2 protein chains.
Amino acid sequence: MDNVNLKKLAGELNLAVSTVSRALRDNHEISQETRDRVKALAAKLGFQPNPHASSLRQNKSRTIAVVVPEIQNNFFSQVLNGVEDVAQQKGYHVLIYLTHEDHNREKDILKVLRNGRVDGLMISVSNTTTNFDHLEAYRQTGMPLVFFDRVCEEMDVPHITTDDSKASYKATEHLLKMGCKNIAFLSLACNLSISNGRRSGYLQALAKHGLGNKMIVECGTDDEVNRQKIRKLLQSEQRPDGIFAAIEKFAVNTYEVCYELNICIPQQLKVVSFSNLAAAALFNPPLSTVIQPAYEIGKEAATILFKVVEKKMLLPNEKKVTIASQIVERKSTGRS
Amino acid sequence: MDNVNLKKLAGELNLAVSTVSRALRDNHEISQETRDRVKALAAKLGFQPNPHASSLRQNKSRTIAVVVPEIQNNFFSQVLNGVEDVAQQKGYHVLIYLTHEDHNREKDILKVLRNGRVDGLMISVSNTTTNFDHLEAYRQTGMPLVFFDRVCEEMDVPHITTDDSKASYKATEHLLKMGCKNIAFLSLACNLSISNGRRSGYLQALAKHGLGNKMIVECGTDDEVNRQKIRKLLQSEQRPDGIFAAIEKFAVNTYEVCYELNICIPQQLKVVSFSNLAAAALFNPPLSTVIQPAYEIGKEAATILFKVVEKKMLLPNEKKVTIASQIVERKSTGRS
DNA sequence: GTAAATTTCGAAAACGTTTCCGTAAAAAAC
DNA sequence: GTTTTTTACGGAAACGTTTTCGAAATTTAC
């Protein structure tokens with residue numbers, strides 16, 4: 001029942017397989033009359049060309065892969081949303097792969113993708129990735145590759161990022177403006193270019209305002225460990241009066257510890273965080289956030305990837321795209 | 001550079017293509033010595049078999065499709081996480097499609113998938129879907145299909161859901177226990193089996209406790225419209241002292257309106273909602289939630305789908321799987 | 001010793017498309 | 001009226017893999 005294919009259509013219509021194929025693709029070598037006849041029967045029988053045969057012959061799959069560290073993270077799911085929008089509109093399919101911040105998984109995934117399964121790949125690298133050989137190997141095959149958010153600066157492929165460093169600078173400055181003298185930064189592992197940007201924005205702001213007392217706490221995936229570190233930080237001698245969280249999760253951990261220790265936000269501690277959570281406005285107190293243009297990043301990255309896939313020339317400004325993040329000031333950084 | 005294929009390997013090794021193919025698949029008809037030789041060269045050249053040729057020949061793609069209404073929604077991204085875990089472990093690939101709650105998109109997607117691109121499909125249907133012909137047509141092709149969360153009860157394919165009705169009953173009872181006399185239900189459009197479950201749980205609880213004054217408000221995707229409806233509800237004569245939101249978004253809308261109208265939660269209004277947001281604990285006040293086992297649903301649905309794909313028999317209790325939701329009581333339903 | 005079974009491999013068909021090439025018939029050019 | 005071009009289509013190769021069939025070479029059975 002399933003196997004309605006070109007041969008079947010051809011048989012039914014007394015035409016050659018090649019003619020049917022051409023008719024369906026609106027080839028001008030086929031008369032309008034025949035085209036209509038073919039299409040009518042195809043529609044009637046619900047013919048859908050076999051994508052594997054098609055891909056094999058044409059050496060393209062109309063599929064792209066998106067590789068991200070995780071998906072529960074609001075940022076990445078919004079990115080994916082943007083990607084899928086563009087892909088669906090262009091008639092492409094989207095394969096999704098999660099690395100769970102594991103370099104080895106990332107390597108395995110890249111390896112499997114190096115064989116024509118997809119026409120292109122966009123990736124936000126895992127934060128345990130320090131070696132980029134697997135990406136280089138992928139690129140060597142000539143397949144289109146685009147980085148977004150967590151990029152490998154060294155590689156000469158399109159990057160789509162947000163202005164992490166600048167946004168971070170502004171967020172830090174915002175804390176200063178609201179009266180903080182002693183700001184701690186909850187950082188991700190340092191091998192990430194992304195965290196470096198965020199960290200350097202923080203450091204730049206401190207330097208600019210003549211504050212040398214940087215406090216950087218490296219947090220990770222384990223909530224309890226994070227809380228432990230934050231607890232220690234908030235109970236220390238020179239305890240900060242402001243916290244800038246590199247990712248939302250750390251802000252959540254901060255809130256938890258503050259509840260636990262009865263530290264009032266924003267009176268005793270002001271908090272700002274990178275976050276794409278719409279519900280941040282409902283937090284107690286509402287959390288000031290640096291919102292990344294996640295959907296736009298996804299959309300832009302996909303658009304550029306498709307341009308590369310379709311071998312269109314990229315404009316110079318499409319090789320490194322930066323989309324601005326936006327600070328939303330809320331009560332967590334309000335004046336006492 | 002790219003095209004290292006069986007023929008190339010065969011040429012290099014003075015073997016037939018068929019021998020190389022078999023050697024790589026550890027066919028017992030090939031001597032251990034030859035197998036090793038072949039594998040060594042394959043590894044050296046980084047050979048990856050062309051998946052389209054493979055899929056075409058074997059008539060299977062080692063790929064499944066996941067069709068969901070949206071992905072920003074925490075629930076679905078957690079489901080996807082579960083699915084991807086199982087898939088990656090089994091060496092399958094995952095295609096993702098978003099319907100954006102649009103029945104027509106859903107139809108188009110299903111149509112394109114009806115041709116061997118995937119070995120199986122799992123779907124949570126859009127809430128604008130009332131007609132299931134497209135799903136029936138898909139099933140007719142004999143391809144494996146699994147429903148999760150938003151199911152089509154009528155179709156005889158595996159369902160993986162949570163105990164919506166029961167959880168809803170419990171949540172309503174919880175509100176009653178906390179002193180509510182007048183509970184409103186913020187509902188999704190009624191054609192969804194899912195919302196029917198949640199609604200009926202609510203109604204059952206009211207009936208059980210002899211409360212006839214049901215208040216059902218149908219909300220949708222537009223935040224402003226929702227707020228409008230909630231505003232009207234909370235300003236009405238018999239304004240409720242409890243709100244039960246069928247989805248997280250409506251709870252957010254409720255909070256927003258309460259802030260706006262200076263209605264105190266939980267003193268004046270208690271709120272509970274279906275939600276998978278970890279940060280619900282940080283809300284002001286912390287939101288009581290019905291947490292769905294999203295990750296588990298994804299994992300279970302994928303596991304069952306793979307069983308069907310691999311033509312294993314399903315146990316009777318795998319045809320309809322229900323995984324319990326869990327109520328987390330927080331301040332939003334606390335005693336004044 | 002021959003017959004039978006086993007091991008190990010090669011040739012070729014097959015999957016369903018797309019596309020290259022060829023070729024009748026019709027139309028246009030002169 | 002002949003030649004050239006155009007139109008409309010058919011035949012077959014090709015994509016890279018898997019698998020069927022077959023067949024040497026080796027081993028085992030008797």
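Just so we're on the same page: letters track the sequence lines, and every chain starts at 1. Bear in mind the structure is a predicted one, so any value in this text is a computation, not a measurement.
Residue A:Tyr92 is tested with A:Val309, A:Val118, A:Leu305, A:Val86 for a side-chain contact (heavy atoms from CB on, under 4.5 Å); the sole match is A:Val309.
Mapped onto DNA chain C by nearest heavy atom, B:Thr19 and A:Arg57 fall at different nucleotides, with B:Thr19 at the one closer to the 5' end. If B:Leu56 and B:Glu29 are placed on DNA chain D by their nearest nucleotide, the residue sitting closer to the 5' end is B:Leu56.
As judged by a 4.0 angstrom heavy-atom cut-off over every strand, A:Thr34 is placed among residues touching the sugar-phosphate backbone only. B:Ser18 comes within 4.0 angstrom of a nucleotide base, judged by non-hydrogen atoms across all strands. At the heavy-atom level, B:Gln58 lies under 4.0 Å from the strands shown only through sugar-phosphate atoms. Note on A:Ser54: only backbone sugar-phosphate atoms sit closer than 4.0 angstrom, heavy atoms only; bases stay farther off. Within 4.0 Å of B:Asn14, counting heavy atoms only, lie sugar-phosphate atoms of the nucleic acid but no base atom. Among the heavy atoms of the strands lying under 4.0 Å from A:Ser31 are primed sugar atoms or P, OP1, OP2 only; no base atom is included. Residue contacts for B:Arg22: at a heavy-atom cut-off of 4.0 Å it reaches a base atom on one of the strands shown.
The CG atom of A:Leu6 sits 15 Å away from the C1' atom of D:dC9 (whole-angstrom rounding). Atom CZ of A:Arg35 and atom P of D:dC9 are 10 Å apart (whole Å). When the C1' atom of D:dG11 is taken as reference, atom NZ of A:Lys7 falls 14 Å away, rounded to whole Å. We find that NZ of B:Lys60 is positioned 13 Å from C1' of D:dT19, with the value rounded to whole Å. A:Asn27 has its CG atom 16 Å from the P atom of D:dT6, to the nearest Å. Atom CZ of A:Arg25 and atom P of D:dC9 are 17 Å apart (whole Å).
Looking only at atom types and distance, the side chain of A:Thr129 has a donor-acceptor partner in the side chain of A:Glu106 under 3.5 Å away.
No side-chain donor-acceptor contact under 3.5 Å links A:His103 to the backbone of A:Glu101. Between the side chain of A:Asn115 and the backbone N or O of B:Asn50, no donor-acceptor pair lies under 3.5 Å. In terms of modelled atom types and a separation under 3.5 Å, the side chain of A:Arg114 and the main chain of B:Gln48 share no donor-acceptor contact.
A salt bridge is absent between B:Lys299 and B:Glu296; no separation between the charged side-chain nitrogens and carboxylate oxygens falls under 4.0 Å. Salt bridge status for A:Lys39 with A:Asp26: present, with a side-chain N to carboxylate O gap under 4.0 Å.
Contacts between chain B and DNA chain C, taken as any atom within less than 4.0 angstrom of a protein heavy atom, begin and end at C:dT8 to C:dG16.
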